[in-house]
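Remarks on the structure that follows.
Basis for what follows: all heavy atoms, side chains included, without hydrogens, waters or symmetry-related copies. Just so you know, residue 1 is the first one in the sequence shown, and it goes up from there.
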Amino acid sequence: MPTVHSAAEPRPAIVFIHGMWCGPEVFEPYRQFFTERGYQCHTPALRQHDIQDNESTALGQLSLRDYAADLEAFIRTLPQRPVLIGHSMGGLLAQMLCARQLATAAVLICPASPAGVHALTASVVRSFFTVMTRWGFWKKPNKLSPAAARYALFNRLPDDAAQDAYQQMRHESGRAAFEIGFWLLDRNKASRVDERKVTQPLLVISGADDHITPAAINKKVAARYTNAEYRYYTNHAHWLIAEPGWQSIAGDIADWLEQKHGQSA
């Protein structure tokens, strides 16, 4: 059963988990939004994602399990289990951490899917095409081209905002991309999540025009968990953490958290 907090108790901390090709700054609007509502917010950077132009071999070979281990170590420094809010690959990492009982609740925003969910749709293949067609991509760092990023990530951002978002993009681990997209071939099954161990309340959010984690796939992710609620937003895509109207979605998340933790507004 989820922990119920009285109105006199402090709100749980929130740990924001960013996704591929980016750093924790993508959650700055959300961090400010939830800080103003009384939450202590943490925005850790995934390993080697604090360097914008990092093209190291070490980055290319990082596993989802490396990211999850670092996040687990950070969470264990906190005085109590936090709420997790993960975007894209960060949503998958949040699922992995929930299975380790490291959170009281989680919000999965356009989450990458765990092993067992077939997610290679036509739009996903197009999004990753320049990555997947590079020989040895599974052990090399990668970064989307401006055109690929515009299609896959920023298709609902205004032009100037999309350009700014691309300038902030990082390189990403090819191994992590392989573990998500080609889980059938991954002998370590790094993206596997035992849904029976995920007992926390989950909120799964998707955008109607998401090309890289399509809404239909997000709905399948939500269906894996008996305690998950699914919400679908029209006029939004993958970058709904900063798309016009993001404040309304953040407000819905805040209302959901208050309901799940028994707190008044």
Distance (rounded to the nearest 0.5 Å) between Phe137 CZ and Phe128 CZ: 9.0 Å
Plane angle bin for Tyr39 and Phe34 - parallel if under 30°, tilted between 30 and 60°, otherwise perpendicular: perpendicular
Donor-acceptor contact present, side-chain His18 to main-chain Leu46, <3.5 Å: yes
Short side-chain to backbone donor-acceptor contact, Asp210 and Ile212, under 3.5 Å: yes
Selection residues 84-96 - residue pairs positive for side chain to side chain donor-acceptor pair (under 3.5 Å), sequence neighbours left out: Ser88-His238, Gln95-Tyr225
Salt bridge (Lys or Arg N to Asp or Glu O under 4.0 Å) partners of residues 46-57, not counting sequence neighbours, each pair once: Arg47-Asp70
Partner residues of Gln40 under the side-chain contact (heavy atoms from CB on, under 4.5 Å) criterion, sequence neighbours left out: Ala13, His42
Residues forming a ring-ring contact (aromatic ring centres under 6.0 Å, His included) with Tyr232, sequence neighbours excluded: none
side-chain hydrogen bond (donor to acceptor under 3.5 Å, both in side chains) involving Glu72 - partner list, sequence neighbours excluded: Arg76, Arg100
Listed partners of Arg192 passing side-chain hydrogen bond (donor to acceptor under 3.5 Å, both in side chains), at least two apart: none
Asn218 (side chain) donor-acceptor with Ala222 (main chain) under 3.5 angstrom: no
Nearest-0.5 Å distance that lies between atom CH2 in Trp183 and atom CG in Leu64: 14.0 Å
NZ/Lys219: more than 12 non-hydrogen atoms of other groups inside 6.0 Å: no
CZ/Phe74: more than 12 non-hydrogen atoms of other groups inside 6.0 Å: yes
Ile241 side chain near Ile109 side chain, heavy-atom distance below 4.5 Å: yes
Residue pairs, two or more places apart or on separate chains, that pass side chain to side chain donor-acceptor pair (under 3.5 Å) and touch residues 169-179: Glu25-Arg170, His49-Glu172, Ser63-Glu179, Tyr67-Glu172, Arg175-Glu179
Parallel, tilted or perpendicular: rings of Tyr233 and His236 (30°, 60°): perpendicular
Partner set under side-chain hydrogen bond (donor to acceptor under 3.5 Å, both in side chains) for Ser206, not counting sequence neighbours: Tyr230
Residues Glu243, Arg156: salt bridge by 4.0 Å N-O rule: no
For the student: nearest non-hydrogen atoms of Leu108 and Ala94, plus distance: CD2-CB, 3.7 Å
Side-chain donor/acceptor of Arg31 to backbone N/O of Val26, under 3.5 Å: no
Between Thr43 and Glu28, a side-chain donor and acceptor under 3.5 Å: no
Separation between SG of Cys110 and CG of Leu240, rounded to the nearest 0.5 Å: 4.0 Å
Contact check, side chains of Leu203 and Ile253, non-hydrogen atoms, under 4.5 Å: yes
Sequence-distant partners of Pro158, side-chain contact (heavy atoms from CB on, under 4.5 Å), two or more places apart: Asp160, Ala161, Pro244
Lys/Arg N to Asp/Glu carboxylate O, Glu229 vs Arg231, below 4.0 Å: yes
Tyr166 side-chain N/O to Leu144 backbone N/O, donor-acceptor pair under 3.5 Å: yes
Sequence-distant partners of Ala242, side-chain contact (heavy atoms from CB on, under 4.5 Å), two or more places apart: Trp239
Set of residues satisfying side-chain hydrogen bond (donor to acceptor under 3.5 Å, both in side chains) with respect to Gln48, sequence neighbours excluded: Asn54, Ser56
Side chain to side chain donor-acceptor pair (under 3.5 Å) contacts touching residues 133-147 (sequence neighbours left out): Trp21-Asn142
In one Ile/Leu/Val/Met/Phe/Trp/Tyr side-chain cluster, 4.5 Å: Phe129, Leu153: no
